[in-house]
**Q** 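For reference, the structure I am asking about is given below.
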Amino acid sequence: MQGAAIAQRAARALKIPEIPGGPDGRRMLWINLVDKIGSGLWYSVTALYFVVVAGLDPARTGLLLGLGGAAGIAGAPIAGRLADRLPLTRVLLAVQVLRAAASLLMLAAHGFWQLLPLVALGSFGERSASVLTKLFATRVAGADRARYQAVQRTVVNVGYTVGGLAASAALAAGTAAAYRLLLLGDGLSFVVVALLVARCAEPASAVRTVAVHPAPSPGATPPRGRTAPAGPPPSPWRDAGYLGYAVLDAATFLHGIALTVGLPLWILTRTSAPHGLAASVFVVNTVIVVLLQVRLARFAATPRVAAHSLKHVAGWLLLSGALTAAAVVHDRVLATLAVLGSAVAFTVVEMIQSAVGWELSVCLAPDEAQGAYVGVYGLAQSAARCVGPLLVTSAVIAGGPAGWLAFGAALAAAALYQRRMVLRRLDRPRPADGTTALSVAPITVSEQ
């Protein structure tokens, strides 16, 4: 107890904010850290493993990853729908066990057709876990979800960094055994995550009840609270406003593809900047996110603040496109400065847009169908991940500086129109019974 008190005083002295969500909120941060360390081990060597260890040629490796990634698109909506009907922690536990099995079985798989179902299951599990983790964090953090999301993203970036550094050290050996060891570490990380998830309590939800007091006697007035919704819950597929928001958000989400795929290729093929900057882009991105993500959570403090923050997203997107286009200047120093400025601008977009997207994707969804709605939101982002690389390479980079200017302008226009849509939705009248449309609704407490 004394040690805990000392730690709390030290945190206050250093101005470290308390983690929202209590013990389960902190446990979920550990889950994210372990998960991303394992993912960092594997992401760095995925293609190399299939070529060096599995014996596939580069073309079949690309086809394997493409088909496997396509299977993962279904993970978000299916996981979200299950989270509305089953205990979220149990669904997340099952998904982590699925991911562990897919990774560990891959160690014994040979050939394209043996690897394909395992890669597909791993991709499906990854996208499912992403949505379920977001739902858990949203429910357990409540009104502090924006700050919790910022802390979580910081932890995620630290995990990727640690895993990536460990993978770089193992790659120095360049042996099949080293690649297998990294894949084994990835699989074991999911085992650890599953054990941590098993210790988490089920968070409050608008569609689940907890029994804590006896049933009322005959004739007595039942306790007041939220009643179960009459009829089936609303479907996000029939909600044109939410679908429009998700599609526009997927469009602005392409900034991540521009940073991870477009900018490095642009450096190597069209600028006079040092080629080593292609790797430095990732370092710049990670360092800035770790240092500033929590502070920038204020851009999503409330739904209305988040909606207005889309103006900032639009401005930074315009700047990102302009700086990337300017990097074609023949002066080596100016080109380097333009590339670094572009990496910083895209990172600022990432930090603000991720906080805004987290807040709005939840608060715009009905309480009784939150999982299904957030699942559709995740589906839109997964689709952007699939088509983004082709769009950036075949249209944006091929268009030269004008392509980057058009890219920044198009994404900025999407963000501004998204802001208009969200504000219009937020301005709708409240329900007639006077209840507040919370993103995390109180649960009904009864024995029934």
Side-chain angles (χ1 to χ4, degrees), residues 7 11 14 16-17 19 21 25-49 53 92 95-96 99-100 102-104 106-107 122-123 125-127 129-130 132-134 136-137 148-175 177-197 199-200 256 259-260 264 276-297 343-344 346-347 350-351 354 385:
L14 294 173
I16 299 175
I19 304 300
R26 294 190 292 272
R27 189 170 290 118
M28 185 55 65
L29 293 180
W30 281 107
I31 288 171
N32 275 278
L33 179 64
V34 175
D35 187 328
K36 302 314 176 187
I37 289 176
S39 298
L41 292 174
W42 176 237
Y43 287 164
S44 304
V45 302
T46 303
L48 295 176
Y49 178 92
V53 179
L92 181 56
V95 166
Q96 299 296 359
R99 298 175 75 191
S103 295
L104 296 177
M106 206 179 297
L107 289 166
S123 178
E126 179 193 1
R127 299 311 307 153
S130 177
L132 295 171
T133 302
K134 176 179 179 178
F136 183 96
Y148 187 90
Q149 182 266 354
V151 176
Q152 180 170 294
R153 278 187 54 79
T154 301
V155 170
V156 164
N157 276 271
V158 171
Y160 277 133
T161 302
V162 173
L165 291 174
S168 298
L171 283 174
T175 63
Y179 292 125
R180 290 183 181 278
L181 187 62
L182 293 174
L183 178 56
L184 176 62
D186 184 40
L188 292 179
S189 72
F190 300 137
V191 175
V192 175
V193 166
L195 294 174
L196 291 173
V197 170
R199 297 184 59 194
C200 292
L259 178 65
T260 59
L277 280 179
S280 301
V281 164
F282 300 101
V283 177
V284 169
N285 174 263
T286 302
V287 170
I288 294 177
V289 170
V290 170
L291 292 177
L292 297 180
Q293 181 70 75
V294 175
R295 295 185 181 183
L296 295 185
V344 171
F346 274 124
T347 302
E350 174 190 337
M351 292 187 292
S354 64
R385 282 189 176 93

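Bear in mind the structure is a predicted one, so any value in this text is a computation, not a measurement. For the numbers below, each heavy atom of this structure counts, side chains included, while hydrogens, waters and symmetry mates do not.
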**Q** Work out which heavy atom in Gly25 is nearest to a heavy atom in Tyr148; give both atom names and the distance.
**A**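 The answer is O-OH, 2.6 Å.
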**Q** Could you grab the distance from atom CD of Gln293 to atom CZ of Arg153, nearest 0.5 Å is fine?
**A**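 The distance works out to 4.5 Å.
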**Q** Okay, side chain of Ser130, backbone of Glu126: is any donor-acceptor separation there less than 3.5 Å?
**A**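 A pair under 3.5 Å: no.
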**Q** If you take all heavy atoms of Met351 and Val289, which pair is closest and at what distance?
**A**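 Looking at all heavy atoms of both residues, the shortest contact is SD-CA, 3.8 Å.
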**Q** Flag the pair Leu196 / Cys200 as yes when at least one side-chain heavy-atom distance between them is below 4.5 Å, and no otherwise.
**A**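 SC-SC contact between Leu196 and Cys200 ruled out.
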**Q** Quick one: CD1 on Ile37 to CG on Leu165, what's the gap to the nearest 0.5 Å?
**A**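 The CD1 atom of Ile37 sits 10.5 Å away from the CG atom of Leu165.
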**Q** A side-chain contact here means heavy atoms from C-beta on lying under 4.5 Å apart; do Ile31 and Thr133 qualify?
**A**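 Result no, sub-4.5 Å side-chain heavy-atom pair not found.
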**Q** For residues Leu41 and Gly163, report the shortest heavy-atom separation together with the two atoms involved.
**A**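 Smallest heavy-atom distance, with atoms named: CD2-O, 3.5 Å.
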**Q** Evaluate salt bridge (charged side-chain N to carboxylate O under 4.0 Å, His left out) for Asp186 paired with Arg99, printing each intermediate quantity in order.
**A** CA-CA 9 Å; Asp186 184 40; Arg99 298 175 75 191; over 6 Å; no
**Q** At what distance, to the nearest 0.5 angstrom, does OG1 of Thr154 lie from CG of Leu291?
**A**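 It is 9.0 Å, given to the nearest 0.5 Å.
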**Q** Look up atom CG in Asn285 and atom CD in Glu350, then write down how far apart they are to the nearest 0.5 Å.
**A**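 If we round to the nearest 0.5 Å, Asn285:CG and Glu350:CD are 4.5 Å apart.
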**Q** Please give me the minimum heavy-atom distance between Ala100 and Val191, naming the atom from each residue.
**A**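 Looks like CB-CG2, 3.9 Å.
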**Q** Check Leu29 against Val155 and note the closest heavy-atom contact, atom names and distance.
**A**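 Between these two residues, the closest heavy atoms are O-CG1, 3.5 Å.
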**Q** Is it true that a side-chain atom of Tyr179 and a backbone atom of Val53 form a donor plus acceptor pair closer than 3.5 Å?
**A**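 A pair under 3.5 Å: no.
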**Q** Look only at the side chain of Arg180 and the backbone of Leu107, and say whether a donor-acceptor pair between them is shorter than 3.5 Å.
**A**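 Checked: pair present.
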**Q** With rounding to the nearest 0.5 Å, note down the distance linking CD in Gln96 to CG in Leu132.
**A**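 The CG atom of Leu132 is 8.5 Å from CD of Gln96, to the nearest 0.5 Å.
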**Q** To the nearest 0.5 Å, what is the distance between CZ on Phe190 and CG on Asp35?
**A**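 Reported value, rounded in 0.5 Å steps: 5.5 Å.
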**Q** State, to 0.1 Å, how close Gly187 and Ser103 come at their nearest heavy-atom pair, and which atoms those are.
**A**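 Taking every non-hydrogen atom into account, CA-CB, 3.6 Å.
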**Q** Are the side chains of Asn157 and Lys36 in touch, meaning some heavy atoms are under 4.5 Å apart?
**A**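 With C-beta onward as the side chain, the pair stays apart.
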**Q** Within a strict 4.5 Å, meaning less than it, do heavy atoms of the Leu183 and Trp42 side chains meet?
**A**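 A side-chain contact exists here, since the closest heavy-atom pair is under 4.5 Å.
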